[in-house]
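For reference, the structure discussed in these notes is given below.
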Amino acid sequence: QAEDGIRDRDVTGVQTCALPISGAFPPARGTADFGITLNNAGPNKIDAYLTHNVTTALRHDADLDVDVVDLNLHLTNNAPASGLPFYVASNSSGAPDGTALLYLSFYGHDGVVGATLNGEPWALSVGRELGLDVGSNYLDIAPGGSADLTVTFLAGPAPRTEGWTVYMSPTAQRGNP
């Protein structure tokens, strides 16, 4: 690893990044911190073409009469539909080459309320993991496609209005997380 903790071209001859890819998922701090893991279910290398953006928003859910936090994840698959090597673009599910096959998990402290995918209800498998509430599901994104996911969590007894920390599993996106 280089002195700056980012690159080491002299030792390996290729660029490597010092990413936290082993060990425990970082513990959340406070009552409204979150985590997202993106796992390539391909198996292939197409996740190198995946970009993401994460936002959070506090709101009052009138149906439940409680404050909730929306964890919003926008994903884009920038892979071309053809022209990539087999080991990069193919997959074991029979989906078209270049399709990003993902297993996503969303972590929070105070209970998963629900989820949407592109504005439509999206079912999650809900449970507890790492001492946190977690909702998980598979998602396929075609080459050139995108997905907007919102996972809603209870805000907890003392919700913040801003400043939440969202831990992301390492990705190939420049400027990760």
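FYI, side chains are in, hydrogens and waters are out, and symmetry mates aren't considered; it's all heavy atoms of this structure.
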- line: In short, Gly98 meets Ala79 closest at the heavy-atom pair O-CB, 3.9 Å
query: Which of these passes side chain to side chain contact (heavy atoms under 4.5 Å, CB included) with Leu149: Leu139, Thr116, Asn72?
result: Leu139
Nearest heavy-atom neighbours spanning Ala100 and Asn77: N-ND2, 3.3 Å
field: side chain to side chain contact (heavy atoms under 4.5 Å, CB included) partner of Phe34, the single match among Tyr107, Phe106, Phe153, Tyr167
entry: Phe153
- prompt: About how many Å separate OG1 of Thr150 and CG of Leu117, when rounded to the nearest 0.5 Å?
  reply: 9.5 Å
field: Side-chain heavy atoms of His109 within contact of Asp133, under 4.5 Å
entry: no
message: Can you give me the closest heavy-atom contact between Asp65 and His60, atom names plus distance?
response: OD1-NE2, 3.0 Å
- request: For residues 121-152, pull every pair meeting ring-ring contact (aromatic ring centres under 6.0 Å, His included), keeping only residues two or more places apart or in separate chains.
  value: Tyr103-Tyr138
- prompt: Run the side chain to side chain donor-acceptor pair (under 3.5 Å) check on Ser93 and Asn91 step by step: do they pass?
  reply: CA-CA 6 Å; Ser93 74; Asn91 58 73; 3.1 Å; yes
- prompt: When you check the side-chain N and O atoms of Ser90 and Asp97, is any donor under 3.5 Å from an acceptor?
  reply: no
query: Does Val68 offer a backbone N or O that forms a donor-acceptor pair with the side chain of Asp61 under 3.5 Å?
result: no
message: Donor-acceptor check, side chain of Ser169 to backbone of Leu38, threshold 3.5 angstrom: yes or no?
response: yes
task: Looking only at non-hydrogen atoms, find the nearest pair between Ala89 and Leu84 and report the distance.
output: CB-CB, 3.8 Å
field: Leu104 and its side chain to side chain contact (heavy atoms under 4.5 Å, CB included) partner, picked from Leu73, Val151, Asn137
entry: Leu73
message: So which atom in Ser92 and which in Pro43 form the shortest heavy-atom distance, rounded to 0.1 Å?
response: OG-CD, 3.4 Å
task: Verify the cluster assignment for Ile141 and Met168: are they in a single hydrophobic cluster under the rule of side-chain heavy atoms below 4.5 Å apart?
output: yes
query: Is Leu102 linked to Val126 within one hydrophobic cluster, defined over Ile, Leu, Val, Met, Phe, Trp and Tyr using a side-chain heavy-atom separation of less than 4.5 Å?
result: yes
- prompt: Is it true that Arg59 and Asp67 make a salt bridge, defined as a side-chain N closer than 4.0 Å to a carboxylate O?
  reply: no
field: Shared hydrophobic cluster, Ile46 / Tyr87 (ILVMFWY, side-chain heavy atoms < 4.5 Å)
entry: yes
query: What are the two closest heavy atoms between Lys45 and Asn40, and how far apart are they?
result: N-ND2, 4.2 Å
- request: Taking Asn118 for its side chain and Asp148 for its backbone only, find out whether a donor-acceptor pair lies under 3.5 Å.
  value: yes
query: Same cluster for Ile36 and Leu101 if Ile/Leu/Val/Met/Phe/Trp/Tyr side chains link at under 4.5 Å?
result: no
